[in-house]
Amino acid sequence: MNSNSNYKITDADLKQINKRSLFAFQLGWNYERMQNSGYLYTILPQLRKMYGDGTPELKEMMKAHVQFFNTSPFFNTIVTGIDLAIEENEGVKGKESVNGLKVGLMGPFAAIGDSIFAALLPAVFGALAAAMAKEGNPTGLFIWVLANIAICVFRWKQLHFAYEKGVSLVTEMRDTLNALTDAATVLGVFMVGALVATMINIKFAWTPSIGGVSFNLQNNLDMIIPKLLPALIVGFVYWLLGKKNMTSTKAILIVLVLCVALGGLGILAKG
């Protein structure tokens, strides 16, 4: 079989890749090459159709696809779509282009995917759903489910889009990716600040007496900087997490112990 592929990707192929990506892309994750086996698994049937079973060309491309790869699972099929477009047109001759594509895009897509889909959207829709559920409103459940369905639809559609656009998509997205990363970062920080103010309900219960007059510490703090105590608690947690050998589990336990102790002493109370 020659080094060029004569096979043309079909809608059935794209559906198969999407199913494998949605349900199995992360199953082969490992500490040495991370998502390499998952990437190969998603497109292996199509590689066999392009190069034939057991051919030197297939083995060469399989070796190329098991090199290190790690990106956001919410954007991996964009890389896959462009990859398929290259291999469909150039076959084995496009191996270096495919390797360069994967190396060049996995970093930016990892940053964007983590910012938007692993941090921003769960924070926004999770907080909204949790707040509604806390009030006994079942609509929060449907909001969370619908948000995740929308994410799955987005992941499904992007493969076809990337395959149709091919390499030209890289040039078109270059400036957009940088702007999107910056915007997602700013919005993510903004949402974290909003969540601190709305979801951490704790206040000073301690009202010391000065010269026979009770001093309401919480009211005076609210007049200066509202929600200062929740912000201090979050800052304390961030400080803990920066300590050597500190884990999120240890930090949570420390905060729980302190809150229970201070609550028992009458210093802190639920807001």
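Note: hydrogens, waters and symmetry copies are ignored here, and every other heavy atom, side chains too, is used. We're numbering straight along the sequence, starting at 1.
Counting only heavy atoms from C-beta outward, the side chains of Tyr7 and Arg48 never approach each other to under 4.5 Å. Side-chain contact check for Met106 versus Val79: every heavy-atom pair is 4.5 Å or farther apart. You'll find the side chain of Ile43 stays beyond 4.5 Å of the side chain of Arg20, heavy atoms only. When side chains are defined from C-beta on, Glu60 does not count as touching Thr55, because their heavy atoms never get closer than 4.5 Å. Looking at Leu101 and Ile86, their side chains come closer than 4.5 Å, going by heavy atoms from C-beta outward. Considering only heavy atoms from C-beta on, Lys15 stays 4.5 Å or farther from Asn18 through its side chain. Put simply, the side chain of Phe75 reaches to within 4.5 Å of the side chain of Gln158, judged on heavy atoms. At a threshold of 4.5 Å between non-hydrogen side-chain atoms, the residues Tyr39 and Asp83 count as touching.
Between the side chain of Gln218 and the backbone N or O of Lys203, no donor-acceptor pair lies under 3.5 Å. Within the 3.5 Å criterion, the main-chain N or O of Ile9 finds a donor-acceptor partner in the side chain of Glu88. Side chain of Gln67 to backbone of Lys63: a donor-acceptor contact under 3.5 angstrom is found. At least one donor-acceptor pair closer than 3.5 Å links the side chain of Lys250 to the backbone N or O of Asn245. Side-chain atoms of Asn30 come within 3.5 Å of backbone atoms of Gly28 as a donor-acceptor pair (strictly under, hydrogens ignored).
Relative to the six-membered ring of Tyr51, Lys59 misses at least one condition, a distance below 6.0 Å or an angle of at most 45° to the axis. Relative to the six-membered ring of Phe74, Arg155 meets both conditions, a distance below 6.0 Å and an angle of at most 45° to the axis. For the pair Arg33 and Phe69, the cation-pi criterion (under 6.0 Å, within 45° of the ring axis) is not fulfilled.
Here the closest heavy-atom approach between residue Ala85 and residue Asn89 is recorded as O-ND2, 3.0 Å. Contact between Gly104 and Pro108 at its shortest, heavy atoms only, is O-CD, 3.3 Å. Taking all atoms of both residues into account, the shortest heavy-atom contact from Leu40 to His65 is CD1-CB, 4.0 Å. Contact record, Ala205 with Ala269: CB-CB, 3.6 Å, taken as the closest heavy-atom pair. Closest heavy-atom contact between Pro138 and Gly136: CD-O, 3.4 Å. For Ala251 against Met246, the heavy-atom pair with the smallest separation is N-SD, 3.7 Å.
The environment of CH2 in Trp206 is sparse: at most 12 heavy-atom neighbours from other residues, nucleotides or ligands sit within 6.0 Å. Few gaps surround CZ on Phe68; more than 12 heavy atoms of other groups in view lie less than 6.0 Å from it.
Considering Ile267, Val257, Ile202 as possible partners of Leu262, the one that fulfils the side chain to side chain contact (heavy atoms under 4.5 Å, CB included) test is Ile267. Only one option out of Thr80, Thr42, Asn76, Thr77 pairs with Ser21 in a side-chain hydrogen bond (donor to acceptor under 3.5 Å, both in side chains); it is Asn76.
Atoms CE and CD, from Met34 and Gln26 in turn, are 10.5 Å apart once rounded to the nearest 0.5 Å. Rounded to the nearest 0.5 Å, atoms CD1 (Ile233) and OH (Tyr238) are 14.0 Å apart. Asn36 CG to Tyr41 OH: the interatomic distance, rounded to the nearest 0.5 Å, is 15.0 Å. To the nearest 0.5 Å, atoms CZ (Phe204) and CG (Asn220) are separated by 12.0 Å. Remark: Leu120 CG to Asp114 CG distance equals 12.0 Å, nearest 0.5 Å. Taking CE from Met132 and CH2 from Trp144, the interatomic distance works out to 14.5 Å, rounded to the nearest 0.5 Å.
Leu128 and Leu146 fall into different hydrophobic clusters, where Ile, Leu, Val, Met, Phe, Trp and Tyr residues are linked whenever their side-chain heavy atoms come under 4.5 Å apart, directly or through other members. Note: the hydrophobic cluster containing Leu253 does not contain Leu241 (ILVMFWY, side chain heavy atoms under 4.5 Å, direct or indirect links). Under a hydrophobic clustering in which Ile, Leu, Val, Met, Phe, Trp and Tyr are joined whenever their side-chain heavy atoms come within less than 4.5 Å, directly or via other members, Leu121 and Phe142 fall into different clusters. Linking Ile, Leu, Val, Met, Phe, Trp and Tyr residues whenever their side-chain heavy atoms come within less than 4.5 Å places Ile151 and Phe154 in a single cluster. Leu240 and Val234 end up in different hydrophobic clusters when Ile, Leu, Val, Met, Phe, Trp and Tyr side chains are linked at under 4.5 Å.
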Check against side-chain hydrogen bond (donor to acceptor under 3.5 Å, both in side chains), Gln46 and Gln16: CA-CA 9 Å; Gln46 287 65 45; Gln16 184 181 42; 2.8 Å; yes
Could you go through Ile17 and Leu159, starting from their C-alpha distance and side-chain angles, then the distance that decides it, and tell me whether this counts as side chain to side chain contact (heavy atoms under 4.5 Å, CB included)? CA-CA 9 Å; Ile17 293 169; Leu159 174 63; 3.6 Å; yes
Could you go through the side chain to side chain contact (heavy atoms under 4.5 Å, CB included) check for Met50 and Leu58 one step at a time? CA-CA 8 Å; Met50 287 181 179; Leu58 176 64; over 6 Å; no
After noting the C-alpha distance and the side-chain angles of Leu229 and Leu221, does the key distance pass the side chain to side chain contact (heavy atoms under 4.5 Å, CB included) rule? CA-CA 9 Å; Leu229 184 57; Leu221 285 176; 5.9 Å; no
Side chain to side chain contact (heavy atoms under 4.5 Å, CB included), that's the test. Do Ile254 and Val237 meet it? Break it down for me. CA-CA 9 Å; Ile254 291 171; Val237 172; over 6 Å; no
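Classification of Lys49 and Asp13 as a salt-bridged pair holds, one side-chain N sitting under 4.0 Å from a carboxylate O.
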